[in-house]
Amino acid sequence: MEEKRQVYLDYSATTPVKQEVTDEMIPYFTQNYGNASSIYSVGATAKDALEKARGQVASLINAEPSEIIFTSGGTESDNWALIAMARKLKTKGRHIITSAIEHHAILHTCQYLAKKEGFEITYVGVNSDGIVDPAEVEAAIRPDTILISIMFVNNEVGSIQPVAEIGAIAKKHGILFHTDAVQAAGNVPIDVREIGADMLSLSAHKIYGPKGCGCLYIRKGVILPTYIHGGAQENRKRAGTENIPAIVGFGKAAEIAQRDFDRHVAHVKRLRDHFVERILAEVPRTHYNGSREHRHPGNANITFEYVEGEAILLYLDFAGICASSGSACSSKSLQPSHVLTALGIPVELIHGSIRFTFGDMTTMEDVDYTVDQIKKIIARLREISSVSEEKGW
Ligand SMILES: *Cc1c(COP(=O)(O)O)cnc(C)c1O
């Protein structure tokens, strides 16, 4: 029997770890397993690897190595930046500004701060392209505003936010600025100086590195209280024995993301544009959600009118194709995506919306196979729903 074709189009949910990355990681499980805090030489080897990785990650975002603190991933970095900074500044003020389209790692953290710790949150909206207006951020500033957190690139519709403008506004008003740059890394250039970010979150597994590893950039001069207490690791900022193999993998993945940036962007953009062009031309009643211009190069978010996204995903899965409805985190709930809602898309269209995200391992054959399958799936689902209408189901 012919083996079933597998096509992975969910690179914004996670990415496979590159061979070059695992090759670097493996010796740190087996030979160089020392604790980076120990003084004997296996420990020193681990310490050297830790500092090399710190330099590689810093270089990707134009930071100093000393400004990078390794964490367990994007979620921890977001929680740490928001919760620890809010608690530190609560005597100055209790107002935080974020956007309506943030990842749940930010949104649910803000909801927690509002509900349990007495902070007030303003959620600025977005236009129909999924982009925040910096003027709206500025208008939301109050005398008691202590922190602004606006993501760099949205994970559902790929919209790129005007973070440098927002960073300048924050600076002008003397307010700290954090950005979740997890989806930006490797896909748009990141320069912490240009953005004027005080804090910035990254995750390894979105850039072909291992899961459970990320970092928080904390600008020199910004004091963020410790969030995870224990040993003196990470310059006493984040306790716990460092996950050296994962950090080494993160460093290598960051190095590759920087080295191969132009090639990667051109590759995913070519696939994405071909996919979108074919879908819009060959599948009737489809919409391309989000900005065409200010967009993650590998993101396509498509609405298929008159069909249920969950049904499409199921049939795509039968055809060996992995995609997602909105974010992986909400894929188990039937709540309409908060991001598509913020773009002003009606709820019935949100339910027929699918995110396809392309990556380094995707081929043009994968894209054409997917479009051919989608054409059949949509035609079939629409046939069923019109039949049910005729029968009065
Ligand atoms: C994936 C993601 C996160 C969470 O990162 P983890 O490393 O999985 O915890 C946070 N923000 C955005 C925008 C993401 O895409």
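Bear in mind that the values here come from a model prediction, so they are computed numbers and not experimental data. Each ligand, and each atom within it, is numbered from 1 in the order the structure gives.
Residues Lys211 and Thr14 have side chains that bring a donor and an acceptor to within less than 3.5 angstrom of each other. Between the side chains of Glu102 and Ser99, a donor-acceptor pair is found at a separation under 3.5 Å. Looking at His287 and Glu305, their side chains do bring a donor and an acceptor atom within 3.5 Å of each other. Neither side chain, His294 nor Ser159, offers a donor N or O lying under 3.5 Å from an acceptor on the other. Side-chain contact of Asn154 with His296: a donor-acceptor pair under 3.5 Å is absent, judged by distance alone.
Protein heavy atom in closest approach to atom 12 (C) of ligand 1: His103 CD2, 3.4 Å. For atom 7 (O) of ligand 1, the closest non-hydrogen atom of the protein is Ser203 OG, 2.7 Å. For atom 4 (C) of ligand 1, the closest non-hydrogen atom of the protein is Thr75 OG1, 3.5 Å.
Considering backbone and side-chain N/O atoms, Asn155 never comes within less than 3.5 Å of an N/O atom of ligand 1. Between Val153 and ligand 1, not a single N/O pair is under 3.5 Å apart. Residue contacts with ligand 1: His205 is placed with a nitrogen or oxygen under 3.5 Å of a nitrogen or oxygen of the ligand (distance criterion only). The shortest N or O to N or O distance between Gln183 and ligand 1 is under 3.5 Å. Close N/O approach between Glu76 and ligand 1 is not found [any backbone or side-chain N/O within under 3.5 Å].
Ring geometry for Phe275 versus Phe356: interplanar angle of 30 to 60°, hence tilted. The aromatic rings of Tyr11 and Tyr8 lie perpendicular to each other, with more than 60° between the two planes, well past the 30° mark.
When non-hydrogen atoms are compared, ligand 1 lies under 4.0 Å from the side chain of Lys206 (C-beta onward) but not from its backbone. The part of Asp180 lying near ligand 1 is the side chain, judged by heavy-atom distances below 4.0 Å.
Near Gly73, the atoms of ligand 1 lying under 4.0 angstrom from a non-hydrogen atom of the residue are 7 (O).
Tested against Glu67 for a salt bridge (charged side-chain N to carboxylate O under 4.0 Å, His left out), the candidates Arg54, Arg219, Arg193 yield a single pass: Arg193.
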